[in-house]
Participant: 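Below you will find the structure I want to go over with you.
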Amino acid sequence: MLPLNQLMLNTRCLLNLTNRIIFLPLTIVFIVSTLSLLLIDYQLRDELHQRVELELTWLAKSAMESLVLLNSPLTLSTVDRVAKHLSLASDARITFIDDSGKVMGDSMIPIDQVPILDNHLNRPEIQLAQVTGIGISRHFSRTLNEEYIYVAIYRSLKVGGGTSGYYARASLPDSTIYYEVIKLRLALASIAIVSMLTLILLSFISSRWIARSVEQDRLDLKSKIDSGIHDIELLHELDSMLGACSELSEAGSVVKQVTPRLLPNSSGAISIYKSSRNKLEFIMFWGEEWQGVTEFKPEQCWALRKGHSHQSDHNDTQIYCEHFSHLAIEQGNKASLCIPLMALGEAIGVMHILKKEFPYSDLLLTNAIAKRVGLAIANIELRYSLRQQAIKDTLTGLFNRRYLFESLEQLVALGMRNKSQIGIIMGDIDHFKSFNDSYGHDAGDDVLKEVAKELKKNTRIADIVCRYGGEEFCIVCPDSTQEETLLIAEKLRLAVAKKEVKLSSKEMVTVTISMGVAMFTNSEDSIKSVISEADRRLYQAKSDGRNCVRGDV
Ligand SMILES: Nc1nc2c(ncn2[C@@H]2O[C@H](COP(=O)(O)OP(=O)(O)OP(=O)(O)O)[C@@H](O)[C@H]2O)c(=O)[nH]1
């Protein structure tokens, strides 16, 4: 049995597990996405810088081309106009610088201030362009008071008759890139936040779902355990009740009470082998009144033929046992199950059950019930046969002297209480020694058996007929007067005298019996004294010529 607190503990563990299952991946996803975002941010910034530099290079080259294509002399006003014109097409600042470092035009500086601008030869991008043709740098612009990215192109141009070098420079404030980066970061952060929120929501929903299904599983498990405990308790009860039964009828009523609680909506019966073992007879049932056959041959039961249980609807078949089929079909196509009842490796009977269906749990239960019922029946039969051996004479089947004294004690006590008399008849076959000597001991045994049958046949059920020893018999007649007992004795004497016994040699013989009668009339009479009195009368009968009854009239 699984205790309830153990069950709760298991559930809590499961919930903790659920938390771990959900929140651990969530944390990992959060860390991975944050790192990815940082990487993307870094790469995008780098990419953006490269693109800006490329764009500025292209702009600087275009500006230089514009200067080359300018049909006018390269004066401050023409060059500055080109710079300002070009800047209309982009956000970039365009600056033209001549060979000597003097600014010839700037898209962001009014023309009147251009001449007063610093010499630009010391600018890193100009110095680089002078050497390699193109120069890129980032530094603080003292003119515009802001951090800028600069790309400068150097080209020698034909001016008048000679050539002169010019720099075309395109630049963008760093803040422009910074704002772009900020915009990108905002977009990425928004995507990340929405994704995380979605993930958290999904995790929350799935954790609720897992918790609900875990709870459902727990309840299912609990109800299964409860019903399992209930079944175990009932099986235990069945076990102990059957163990305490001494009669098959008692076992039958226990099975009738307990089995329907273990197998609800079922009906069934138990049949056991007759001693001849060629037939089985119905001994008990449960559920609906048993409508099936009460006697059948072992060959009519598949379970007994196979040596193990037979289920009619196994593997979608409809193979019913012959002793059972009509019932299963009449009662709405119910499934039938036959289980051999085993004891000491031998089938002693069969349990047949009708039910709509047999789930696996029912099969386990029916087998457990059959096992217990089989053992109980075997025990009862064993006890019965031991008891019979203890109280019966094996040759004649009559009760023995031991049973006579046991039952007399009870009968005398009861008789004295009820103020009724008990008659005792002692009988002895006449000249039995000479019969044995003439016909042999086996013939003597046959005569003893036939005399016993006659005595049994001519007495009431309540009378106790015993073999007292050898060829001597004792018959107890409860609730009988002396006259009645004498009449019974006379009747028995006549019946024995009339009986012709056929010996194995086919010879027909007759014997006679002498009888003495004595009575229990009051509580003072002891068993021994009354029997001695009956014995004394018997010897009186012997001495009076035998084949007669003696007793006080
Ligand atoms: N065949 C057979 N004989 C038995 C059995 N028990 C006792 N006897 C015999 O029964 C005979 C009894 O003989 P006795 O007691 O002398 O008495 P009786 O010959 O019947 O003579 P009366 O009683 O005087 O008529 C003995 O020979 C026993 O061996 C038994 O179970 N089977």
Side-chain angles (χ1 to χ4, degrees), residues 19-66 83 86-97 106-108 120 122-155 167-207:
N19 284 348
R20 279 208 295 275
I21 287 169
I22 291 177
F23 292 112
L24 186 70
L26 203 66
T27 315
I28 293 169
V29 166
F30 178 77
I31 293 168
V32 169
S33 9
T34 310
L35 288 174
S36 308
L37 283 175
L38 288 174
L39 195 70
I40 291 168
D41 178 69
Y42 173 77
Q43 280 198 327
L44 278 175
R45 239 179 332 146
D46 201 44
E47 181 78 9
L48 201 64
H49 276 116
Q50 281 178 18
R51 288 197 72 84
V52 167
E53 283 172 9
L54 264 176
E55 199 181 328
L56 288 175
T57 307
W58 180 81
L59 271 172
K61 281 180 180 169
S62 301
M64 186 57 84
E65 285 306 314
S66 304
L86 283 173
S87 75
L88 292 176
S90 77
D91 295 336
R93 173 186 170 196
I94 306 292
T95 312
F96 289 110
I97 300 149
D106 193 305
S107 60
M108 294 188 75
H120 274 54
N122 62 345
R123 303 294 194 268
E125 69 278 6
I126 299 296
Q127 287 176 347
L128 267 170
Q130 200 174 25
V131 180
T132 61
I134 181 164
I136 300 170
S137 83
R138 178 182 304 185
H139 56 83
F140 190 77
S141 164
R142 277 178 304 227
T143 320
L144 294 171
N145 216 15
E146 203 180 343
E147 185 87 6
Y148 263 73
I149 299 172
Y150 299 94
V151 176
I153 298 286
Y154 177 76
R155 176 99 63 96
Y167 300 93
R169 193 182 70 171
S171 58
L172 264 176
D174 212 17
S175 58
T176 317
I177 298 166
Y178 177 73
Y179 290 134
E180 288 303 319
V181 170
I182 292 289
K183 269 198 269 178
L184 268 173
R185 279 181 182 164
L186 275 175
L188 284 173
S190 313
I191 291 168
I193 288 167
V194 170
S195 309
M196 283 309 290
L197 284 176
T198 314
L199 206 62
I200 288 167
L201 189 71
L202 287 176
S203 305
F204 179 72
I205 291 168
S206 60
S207 84

Participant: Between R185 and R45, is the side chain to side chain contact (heavy atoms under 4.5 Å, CB included) condition met? List the steps.
Facilitator: CA-CA 10 Å; R185 279 181 182 164; R45 239 179 332 146; 3.5 Å; yes
Participant: If I take atom OG1 from residue T132 and atom CD1 from residue I153, how far apart are they, to the nearest 0.5 angstrom?
Facilitator: 8.5 Å
Participant: Are the side chain of S141 and the backbone N or O of L144 linked by a donor-acceptor pair below 3.5 Å?
Facilitator: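 Here the side-chain-to-backbone pair exists.
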Participant: Using 0.5 Å steps for rounding, measure from the OG atom of S137 to the CD1 atom of I149.
Facilitator: 9.5 Å
Participant: Just how far is it from atom OH of Y179 to atom CG of L186, taken to the nearest 0.5 Å?
Facilitator: 13.0 Å
Participant: Considering all heavy atoms of both residues, which atom of F140 and which atom of N145 are nearest to each other, and what is their separation?
Facilitator: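 Answer, listing the atom of F140 first, then N145: CZ-OD1, 3.1 Å.
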Participant: Any side-chain heavy atom of I40 sitting closer than 4.5 Å to one from L188?
Facilitator: yes
Participant: Would you check if R155 and E65 make a side-chain contact, meaning some heavy-atom pair closer than 4.5 Å?
Facilitator: yes
Participant: Quick one: do Y178 and I182 satisfy side chain to side chain contact (heavy atoms under 4.5 Å, CB included)? Show the steps, please.
Facilitator: CA-CA 6 Å; Y178 177 73; I182 292 289; 3.6 Å; yes
Participant: Taking R138 first and then E147, would you say they form a salt bridge - that is, a charged N and a carboxylate O separated by under 4.0 Å?
Facilitator: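 Result for this pair is no, no salt bridge flagged.
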Participant: I'd like to know whether the aromatic ring centres of Y150 and H139 sit less than 6.0 Å apart in this structure.
Facilitator: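 Yes, they do, as the ring centres are separated by less than 6.0 Å.
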Participant: Is the shortest side-chain heavy-atom distance between L128 and I134 below 4.5 Å?
Facilitator: no
Participant: Going from CG on L86 to OG on S62, what distance comes out if it is rounded to the nearest 0.5 angstrom?
Facilitator: 7.5 Å
Participant: What I want to find out is whether R93 reaches E146 closely enough, with some N-O distance under 4.0 Å, to be called a salt bridge.
Facilitator: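 Between E146 and R93 there is no salt bridge, as every charged N stays at least 4.0 Å from the carboxylate O atoms.
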Participant: State, yes or no, whether a side-chain contact exists between I97 and I126 at a heavy-atom distance under 4.5 Å.
Facilitator: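 Contact flag for I97/I126 side chains = yes.
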Participant: So, do V151 and S171 sit near enough that their side-chain heavy atoms are less than 4.5 Å apart?
Facilitator: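 No; the side chains remain at least 4.5 Å from each other.
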Participant: Should we count CG of D91 as having more than 12 external heavy atoms under 6.0 Å?
Facilitator: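 No, not enclosed.
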Participant: Is there a side-chain contact between I94 and F96, using heavy atoms and a 4.5 Å cut-off?
Facilitator: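 I94 vs F96: side chains touch.
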Participant: Keeping S90 on the side-chain end and S87 on the backbone end, is there a donor-acceptor pair under 3.5 Å?
Facilitator: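 Such a contact is absent between S90 side chain and S87 backbone.
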Participant: Atom NZ of K61 and atom CG of L59: how far apart are they, to the nearest 0.5 Å?
Facilitator: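 Between K61 NZ and L59 CG, I get 11.5 Å after rounding to 0.5 Å.
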Participant: So do H49 and D174 actually touch side chain to side chain, heavy atoms under 4.5 Å?
Facilitator: yes
Participant: Can you tell me how far apart CG (L44) and CG (L184) are? Round to the nearest 0.5 Å.
Facilitator: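 Rounded to the nearest 0.5 Å, the CG-CG separation comes out at 5.0 Å.
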Participant: Please say whether more than 12 non-hydrogen atoms of neighbouring residues, nucleotides or ligands are located less than 6.0 Å from CD in Q127.
Facilitator: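 Above 12, so yes.
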Participant: With side chains defined as the heavy atoms from C-beta onward, is the minimum distance between S195 and I191 less than 4.5 Å?
Facilitator: yes
Participant: For a quick test of reading the model, state the closest non-hydrogen atom pair linking A63 to A168 and the distance between them.
Facilitator: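 For A63 versus A168, the nearest heavy atoms are CB-CB, 4.1 Å.
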